[in-house]
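Right, one structure below, let's go through it.
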There are 2 protein chains.
Amino acid sequence: MGRGKIEIKRIENSTNRQVTYSKRRAGIMKKAQELTVLCDAQVSLIMISSTGKLFEFTSPSTTTKTVYDRYQQATGFNLWQSHYEKMQENLNKLKETNSKLRKEIRQRNGEDLNDLNFQQLRGLEQNMDKSVERVRNRKFHVIGTQTETYKKKVKSLEEAQNNLLRAFEGRDEDCPYALVDQERDYQSAIELANGGSHIFAFRLQPSQPNLGDDEGYASYGLSLA
Amino acid sequence: MGRGKIEIKRIENSTNRQVTYSKRRAGIMKKAQELTVLCDAQVSLIMISSTGKLFEFTSPSTTTKTVYDRYQQATGFNLWQSHYEKMQENLNKLKETNSKLRKEIRQRNGEDLNDLNFQQLRGLEQNMDKSVERVRNRKFHVIGTQTETYKKKVKSLEEAQNNLLRAFEGRDEDCPYALVDQERDYQSAIELANGGSHIFAFRLQPSQPNLGDDEGYASYGLSLA
DNA sequence: TATTCTATATATAACTA
DNA sequence: TTAGTTATATATAGAAT
């Protein structure tokens with residue numbers, strides 16, 4: 001191959017190794033190309049140098065993926081199998097968990113109870129009693145907080161109203177006929193404060209079809225007044 | 001390359017093409033091997049003949065998969081991307097669903113209620129009330145069914161007992177002292193039928209720590225008597 | 001580093017058996 | 001078919017650039 005027979009072993013001088021790599025890489029690429037054309041073959045050649053650089057040749061008649069699919073088919077070894085399997089396993093676990101969760105929800109919804117024995121049913125019932133109690137408490141807490149908020153709003157509205165009223169009263173001394181208008185304004189403002197809040201309260205459940213028992217609601221309305 | 005310059009184009013004679021393929025295949029394999037050793041490179045060479053036969057060379061320092069991973073990394077084109085992406089998408093959807101289901105369960109357990117407004121809380125409460133009612137009904141149904149079963153068992157036990165008693169009574173005419181024993185046996189048999197069933201009843205909930213209200217239980221005990 | 005230059009080693013097309 | 005021979009074309013090591 002050159003000036004004197006060479007033995008095939010790692011070239012220790014890195015410069016020489018790099019030069020040889022360039023030359024031989026070109027040579028083998030050419031060979032691959034010739035093989036492709038002369039013999040009608042499909043060739044995939046990938047070379048990675050020790051520095052990590054990658055060169056490849058693929059016959060124009062094919063693609064890297066096609067060659068690899070054939071490779072997997074021929075060797076019977078799916079290179080991505082293990083990766084796939086892990087993902088699939090994960091997927092299955094999630095599906096299983098999912099279905100368990102759904103079943104738990106159905107049972108907590110009073111459906112799909114056939115698998116449960118008396119003891120389990122009692123446990124579930126007690127658990128649900130406790131849970132519904134928690135929800136009820138939270139509901140009251142929420143409505144209580146809201147009530148406080150609206151109370152404060154009404155107070156501040158009333159205060160503003162009073163200030164306004166006092167301002168008008170001061171003006172009365174100059175204009176005695178203004179009082180009627182003021183009083184009408186004051187009344188409608190109060191109505192707005194109360195009525196407005198009530199309107200809001202009723203709109204809290206705009207799409208609730210069955211208003212049935214309204215105790216939470218009623219107490220909200222009362223505490224506003 | 002041989003006796004006369006050859007031009008690189010498909011060898012039409014299939015025999016010659018096949019011969020050339022064999023020789024050149026060996027040649028390029030050798031080159032790949034030499035490149036691997038001399039230059040410390042990682043080479044993957046796959047050749048598929050026009051007849052579909054596959055030959056490969058892979059540097060001993062690597063595997064086909066490693067080379068391919070690097071290839072994909074270098075080209076930025078993941079051959080399996082679309083497949084992976086679908087799986088990953090699926091996985092993420094499942095995870096999301098899962099987390100929603102868990103949240104629903106927590107809420108149905110009276111936890112994690114902060115996100116719910118008054119209206120939602122009322123809906124949840126009503127739903128849970130209905131659900132717990134269904135569970136309760138199922139519980140009664142299950143215990144009712146069990147009760148029926150035990151009733152029948154007791155009846156058949158009693159019948160067997162009566163038959164036995166009658167048989168003993170027939171024997172009395174020959175042996176007047178046997179009656180005492182019989183009566184004692186009869187009593188303990190009745191006790192066994194009731195008591196045994198009660199024992200079973202109490203064992204229905206062996207690990208239930210809080211027996212609290214026992215109305216389902218009590219009615220079972222009563223209907224046995 | 002990468003290319004070019006050459007002397008030589010290799011590869012291989014055509015031939016042979 | 002496959003394997004060995006041989007004349008030549010190619011590839012390439014080492015040196016120079």
Side-chain angles (χ1 to χ4, degrees), chain A residues 1-62 64 67 70-71 73-75, chain B residues 1-62 64 66-67 70-71 73-76:
Chain A
M1 283 183 173
R3 295 165 183 272
K5 182 166 180 166
I6 69 142
E7 62 175 324
I8 302 301
K9 68 175 217 182
R10 183 185 141 97
I11 298 165
E12 293 301 338
N13 179 303
S14 91
T15 303
N16 286 347
R17 189 168 65 238
Q18 172 58 33
V19 170
T20 296
Y21 183 60
S22 293
K23 290 182 174 181
R24 279 178 172 260
R25 201 181 58 219
I28 200 172
M29 290 267 226
K30 191 179 171 205
K31 292 283 184 196
Q33 154 71 10
E34 290 176 352
L35 192 67
T36 298
V37 175
L38 287 169
C39 306
D40 227 11
Q42 301 186 332
V43 179
S44 162
L45 172 64
I46 297 174
M47 293 165 288
I48 303 169
S49 72
S50 49
T51 58
K53 249 189 145 181
L54 184 144
F55 291 84
E56 65 151 337
F57 169 84
T58 309
S59 304
S61 56
T62 192
T64 308
V67 171
R70 271 291 284 118
Y71 171 84
Q73 199 182 321
T75 59
Chain B
M1 285 181 175
R3 296 166 182 269
K5 180 167 184 167
I6 69 144
E7 60 176 327
I8 302 302
K9 67 175 219 183
R10 183 184 140 98
I11 298 166
E12 293 301 338
N13 179 303
S14 90
T15 302
N16 286 348
R17 190 169 63 238
Q18 172 58 33
V19 170
T20 297
Y21 183 58
S22 293
K23 290 184 174 178
R24 279 176 173 261
R25 202 181 58 220
I28 200 172
M29 289 267 226
K30 191 178 171 207
K31 292 285 184 196
Q33 153 72 10
E34 290 176 352
L35 192 67
T36 298
V37 175
L38 287 168
C39 306
D40 227 11
Q42 300 186 332
V43 180
S44 164
L45 172 64
I46 297 174
M47 293 165 288
I48 304 169
S49 72
S50 49
T51 59
K53 251 189 144 180
L54 185 143
F55 291 83
E56 64 150 338
F57 169 83
T58 308
S59 305
S61 56
T62 190
T64 308
T66 305
V67 172
R70 272 290 285 116
Y71 170 82
Q73 198 181 320
T75 58

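Just so we're on the same page: letters track the sequence lines, and every chain starts at 1.
Across the protein-nucleic acid pair, Arg17(A) atom CZ and dA2(C) atom C1' stand 17 Å apart, rounded to whole Å. Rounded to an integer number of Å, the gap from CD1 of Ile28(B) to P of dA11(C) is 12 Å. Atom CE of Met29(B) is separated from atom C1' of dT10(C) by 18 Å (rounded to the nearest Å). Between Ile11(B) atom CD1 and dT12(C) atom C1' there is a gap of 11 Å when expressed in whole angstrom units. Following rounding to the nearest Å, Leu38(A) (CG) and dT12(C) (C1') show an atom-to-atom distance of 11 Å. Atom pair Ile8(A):CD1 and dA11(D):P shows a separation of 16 Å (rounding to whole Å applied). Between the CZ atom of Arg25(B) and the C1' atom of dT2(D) there is a distance of 13 Å, rounded to whole Å. Note: CD (Glu7(B)) to C1' (dT10(D)) measures 17 Å, nearest angstrom.
Rounded to 10°, the angle separating the first-five-pair axis and the last-five-pair axis of the helix from dA2(C)-dT17(D) to dA17(C)-dT2(D) equals 30°.
With sequence neighbours left out, the salt bridge (Lys or Arg N to Asp or Glu O under 4.0 Å) criterion links Glu7(A) to no other residue.
Across all their heavy atoms, Lys9(B) and Leu38(A) have their closest contact at O-CD2, 3.3 Å. Heavy-atom minimum distance, Glu34(A) versus Arg24(B): OE1-NH1, 2.7 Å.
Taking 4.5 Å as the limit, some side-chain heavy atom of Arg17(A) sits within range of a side-chain heavy atom of Ser50(A). At least one side-chain heavy atom of Thr36(B) sits under 4.5 Å from a side-chain heavy atom of Pro60(B). At a threshold of 4.5 Å between non-hydrogen side-chain atoms, the residues Gln33(A) and Lys30(A) do not count as touching.
Contacts of Thr15(B) with the nucleic acid, taken as non-hydrogen atoms under 4.0 Å apart, involve only primed sugar atoms and P, OP1 or OP2.
Between Lys30(B) and dA11(C) there is a side-chain polar atom (N or O) within less than 4.0 angstrom of OP1 or OP2. Dashed line: the shortest gap from a side-chain N or O of Gln18(A) to OP1 or OP2 of dA2(C) is under 4.0 Å. Between dT12(D) and Lys31(B), a contact under 4.0 Å exists linking OP1 or OP2 to a side-chain N or O.
Set against dT10(D), dA2(C), dA13(D), the side chain of Arg24(A) has dA13(D) as its closest nucleotide.
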Output one line per pair: protein atom, nucleotide atom from nucleotides 14-16 of chain D, and distance, for all N/O pairs under 3.5 Å.
residue: dG14(D); atom: O6; partner: Lys23(A); partner atom: NZ; Å: 2.3

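Looking at Thr62(B), its side chain never comes within 3.5 Å of a backbone N or O of Thr66(B) through a donor-acceptor pair. Using a distance-only test at 3.5 Å, with no hydrogens or angles considered, no donor-acceptor pair links the side chain of Arg25(B) to the main chain of Leu35(A). Of the possible donor and acceptor atoms, one in the side chain of Ser59(A) sits under 3.5 Å from a partner among the backbone N and O of Val43(A).
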